[in-house]
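Have a look at the structure below, then the notes.
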Amino acid sequence: MAPRKTPRTSRNPDLIRGVGKFSRSKMYHKRGLWAIKAKNGGVFPCHEKKPVAPAPLEKLPKFYPADDVKKPLINKHKAKPTKLRASVTPGTVLIILAGRFKGKRVVFLKQLSSGWPFKINGVPLRRVNQAYVIATSTKVDISKVNVEKFDDKYFAKEVQKKKKGEGEFFEAEKEEKKDLPQEKKDDQKAVDASLIASIEGVPELKVYLAARFSLKSGMKPHELVF
């Protein structure tokens with residue numbers, strides 16, 4: 001659209017703020033409202049409003065909870081797999097920095113769909129966050145190790161709801177120690193067999209993996225080369 005040659009101006013410019021130049025009756029004639037009224041039989045035309053469909057009434061429930069019930073918020077966030085560090089590749093020897101196996105050297109096998117790295121040593125098959133490991137320059141050949149069946153569901157714990165009776169309410173429940181399923185023991189042996197064969201092919205690698213990582217006095221961590 002081409003720009004207007006003349007700027008728009010008000011028919012009744014303000015002398016001062018809130019006070020117009022022309023009176024109300026003057027503007028009645030200036031705007032031609034008298035002609036519109038005369039054309040419609042002395043009455044200003046009115047346009048009928050379109051009928052609006054009435055909104056359906058929501059029937060209130062007879063009973064409602066005495067306490068406020070919080071409604072869960074809709075979360076549309078889709079989990080994306082964590083971007084793995086460039087130094088962490090399948091077969092890389094890692095050092096665990098926290099947890100039960102702190103200081104142990106382990107072998108990285110693969111990244112799970114949830115973004116947790118998956119490692120092995122003499123340590124059992126576990127998943128560990130990559131934030132709690134140090135990647136070393138040592139690598140192990142894991143081409144013969146089959147890790148297709150290991151995913152997040154494999155490591156998921158079974159959730160069992162416990163029902164407490166009146167007599168057990170004040171008594172401390174004794175947790176029974178659960179044995180590892182035989183299937184997982186067999187999987188551990190199968191992975192160990194393939195992995196140990198590759199480890200034994202490299203001299204002194206087995207001793208290196210068995211040694212626990214630790215810092216001594218005088219050692220500067222920022223100058224260490226792993």
Side-chain angles (χ1 to χ4, degrees), residues 1 47-121 123-136 142-143 145-188 190-191 195 226:
M1 183 181 290
H47 303 283
E48 294 182 359
K49 295 182 179 180
K50 294 181 180 180
V52 181
L57 296 174
E58 294 183 3
K59 191 175 181 181
L60 297 175
K62 292 182 179 180
F63 302 98
Y64 58 91
D67 299 329
D68 293 334
V69 180
K70 293 183 179 179
K71 293 183 179 180
L73 299 176
I74 299 173
N75 186 7
K76 295 183 179 180
H77 176 71
K78 295 182 180 179
K80 296 180 181 179
T82 305
K83 186 178 180 181
L84 204 61
R85 295 199 311 242
S87 58
V88 181
T89 56
T92 303
V93 175
L94 308 174
I95 299 171
I96 299 179
L97 300 177
R100 179 182 172 189
F101 300 101
K102 180 172 61 177
K104 288 277 189 176
R105 290 182 172 91
V106 295
V107 179
F108 173 76
L109 292 184
K110 76 169 187 178
Q111 182 183 15
L112 301 182
S113 59
S114 65
W116 295 82
F118 184 60
K119 306 166 188 60
I120 182 177
N121 184 16
V123 181
L125 294 170
R126 295 178 69 82
R127 52 181 179 177
V128 182
N129 193 325
Q130 63 175 339
Y132 301 108
V133 298
I134 297 175
T136 66
I142 61 167
S143 57
V145 181
N146 185 11
V147 292
E148 293 179 359
K149 68 181 297 184
F150 303 117
D151 54 9
D152 287 314
K153 293 181 180 179
Y154 182 87
F155 295 97
K157 294 181 179 179
E158 296 180 1
V159 179
Q160 295 180 352
K161 294 183 179 179
K162 297 180 180 179
K163 295 182 180 179
K164 294 185 178 180
E166 293 181 1
E168 298 178 356
F169 184 79
F170 296 101
E171 296 179 3
E173 294 183 356
K174 295 181 180 179
E175 296 183 359
E176 296 181 0
K177 189 177 181 181
K178 295 181 180 180
D179 294 332
L180 195 68
Q182 186 61 37
E183 182 184 357
K184 291 191 175 182
K185 291 181 180 179
D186 295 338
D187 293 338
Q188 179 73 57
V191 172
L195 199 58
F226 296 98

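L97 places a side-chain heavy atom less than 4.5 Å from the side chain of I134. Looking at heavy atoms from C-beta onward, F108 lies out of side-chain contact with V128 at the 4.5 angstrom threshold.
Taking CG of L94 as the start and OH of Y132 as the end, the distance is 15.5 Å to the nearest 0.5 Å.
With respect to V106, the side-chain contact (heavy atoms from CB on, under 4.5 Å) criterion is satisfied by exactly one of T92, I96, V133: I96.
Side chain of T136 to backbone of V93: a donor-acceptor contact under 3.5 angstrom is found. Side-chain atoms of Q130 do not come within 3.5 Å of backbone N or O of L84 as any donor-acceptor pair.
Contact detail for A135 and V88: the closest heavy-atom pair is CB-CG2, 4.1 Å.
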